[in-house]
Protein chains: 2
Amino acid sequence: MISPDQPASPLRAYEVVLAWVESRILAGELRVGDQLPPERELARLLEVSRSAVREAVRTLAAQGVLRSSVGAGGAGGTTVTAVPADALVRFLRLHVALANFPIDDVIEARISLERLSARLATLHARASDLAAMREALTAMDRASDDKARYNDADTAFHVAIAGAAGNRLVADMTVAIRESMRLPLLDAFRYVGDWADLVAGLREQHHAIYAAIQAGDADRAEDVVEQHIRSAWNTLAPTYDVLRAHSRTEDMK
Amino acid sequence: MISPDQPASPLRAYEVVLAWVESRILAGELRVGDQLPPERELARLLEVSRSAVREAVRTLAAQGVLRSSVGAGGAGGTTVTAVPADALVRFLRLHVALANFPIDDVIEARISLERLSARLATLHARASDLAAMREALTAMDRASDDKARYNDADTAFHVAIAGAAGNRLVADMTVAIRESMRLPLLDAFRYVGDWADLVAGLREQHHAIYAAIQAGDADRAEDVVEQHIRSAWNTLAPTYDVLRAHSRTEDMK
DNA sequence: TTATTGCTATTGGTCAGACCATTACGGATA
DNA sequence: TATCCGTAATGGTCTGACCAATAGCAATAA
C-alpha cells in the first residue's frame, strides 16, 4: 500500500496555521504570555494568505487560547492567553440550545460536579469564600421579586462554592453549565406556578448548603447540594418541557 | 447618564455575524440540519465583508456547531450541526497544555464524572455495551507491549463505560479529558519504572470495574473506578512531575 | 535639561474583488 | 430512456489595499 496515512485532502490552508500553533502549544514551545509572529509574517512563513492565518487565529481566540490587539510594539500583536471560561460558556450554551447535550444529561453532570465542589469547598473554604457565599445568599433575599437578578444571585452562590473548591476546571464547568441553562431557566421561571413558594424552598436549601459547608460536614454538604439541584429541577422540569414543546410547534406553523 | 449599556467598541464585524447566528440558535430559529444563507448573501445582509462572515463561521465550525461544504444545491453550503466531541477535545487539550486547568484538577473532575459514568453504566448497560468493554479489555491484553496502543485501548474501555451510561455530556467530557492527557501520559509511560508491573495492576483494576458493572453493583463500580484512577495517577504523577520540571528547565537554556 | 508634541512604523481589523475546486441540476445527445 | 456535459452556485483561497490604534522616537518648546 502507498502511504496509508496520507490524508485525502492535503490540509486546508487555515488548518496548516492551526496545526502550527497548536503543535507548538502542545510541545510547550508557546506559553501563556508569549507572542505569535505578526499575521503577515506568519502568512509568509507558512506560505498561506493572511486570511488563512486570521481564520485560524480567530478559532483559537474563540477558545480563549489567543488574544489579539492592535498597535505597534510589545502591547500589540497576538499573544497566547488562557481564558477558557467564556469559551466554555459559549460552547455549552450553544450545544444545549441545539438539544445536543439533553438538559437531563446536563443536570446529571452538574450534580456530579457540584457534589465535588461542595466536598472540596467544605475542606478548603477560607473566610473570604464563606463571605462570598453569604453575600450571594443576601443578594437572593434582596432580589426575590426580580427573577433575572434572583437567578444571577443564585448562580453567584453556586459559583462561589465552586470557586472555594479551588478546582479551576470544575469551577469553569459549573459556570458554563449554569449559564447554558440561564435562558431556559428564566423562561421556566416566568411560567412557574407559585414563585414565592419556590423561592422559600430554595432559600431553605441554600442555607442548608451553606451551613453544612461552614460546619465542615463534607458528606452532608454533598448530599444537600444534590437534593437541592434535584428538587429545583423537579419543580421546573414540567414547565421547561411544556415550553420546549410549545416552541417546537410554534415553528412548525 | 447616557446609555450606560452602550459598549465602547461597536462590535467588530465578525462579532456581528457571530451574534446573528448565535442568537438565532439560542432562539431556536436555527436547528440542527438547517442551512445558513450563502456567505456572500449573509455578508450583504449584515453589511459586512465576506471575510468577516468566514471568520465567524470558522469559529462556530471549530466548536462543532457549523459545518461547511462546497458545491451547489442542497448538499453544499453551511449547515448547523452538533458535533461537540472533537471541539471539546481540542479545547481541553490546549488548556491543559497551557497549564491552565492543572492536571490534578482534571484528575479530580475525571473521577467525579467517571464515578457517575460507572453508576449509570451499571444501571443501563446493554449487552452490546458490555461487549465493547470486553473488547477493550482484550485489546489491552494484546497491546501490553505497545504503550501507545495500550493507552488507546485503555481509553476505549473508559469511553465504552461512558457510552454505556448514556449521558452525552459526560461521555464527551470523558473522551476530552482522556485525550487531553494522552501525550503527557505517553511521556510518563516511557519513563515509568516497572511497566509490566503497572500493566498487571491496571489489568486487575479494569477487570474489577467490568465485574462490578456486569454484576449490577453500582456502588462498588463507582468505588473501584475511583480507586483505579487514583492508583494509576499515584503511580504516574511523580514521573509526570519530573518530566514537567525537566521540560521547563530545558526551555530556559 | 526636561517635558511635550507630533511624525512614523507596526499591527490587527476590514474590505473588495478575483479565481479555483467541487457539486448539483438540467438540457442536449445517443 | 439513459448518458453526458455545460452551467451556475458555493465554499476555499489569495492578493492588495486602506483604516485605526499603538508605541517609539525625534523634533521642539519650556
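Proteins get letters first, then strands, A, B, ... in listed order; numbering begins at 1 in each. None of these values were measured; they are calculated from a predicted model.
Considering only residues two or more places apart in sequence or on other chains, Thr239(B) meets the side-chain contact (heavy atoms from CB on, under 4.5 Å) condition with Ala188(B), Tyr191(B), Leu243(B). Residues passing the side chain to side chain donor-acceptor pair (under 3.5 Å) test with Thr155(A) are Arg178(A), sequence neighbours excluded.
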Which pairs of donor and acceptor atoms, one on a side chain in residues 21-28 of chain A, lie under 3.5 Å apart (sequence neighbours left out)?
unit_1   : atom_1 : unit_2   : atom_2 : d
Glu22(A) : OE1    : Arg90(B) : NH1    : 3.4
Glu22(A) : OE2    : Arg90(B) : NH1    : 2.8
Ser23(A) : OG     : Ala19(A) : O      : 3.0
Ser23(A) : OG     : Trp20(A) : O      : 3.1

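Judged as a salt bridge (charged side-chain N to carboxylate O under 4.0 Å, His left out), the pairs with a partner in residues 37-47 of chain B (not counting sequence neighbours) are, in order, Glu39(B)-Arg50(B), Glu39(B)-Arg54(B). For residues 91-103 of chain B, the pairs satisfying side chain to side chain donor-acceptor pair (under 3.5 Å) are Arg168(A)-Asn100(B), with sequence neighbours left out.
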Letter per nucleotide, 5' to 3', of nucleotides 9-17 of chain C [B base touched, S only sugar-phosphate touched, - untouched; heavy atoms, 4.0 Å]
BBBBBBB--
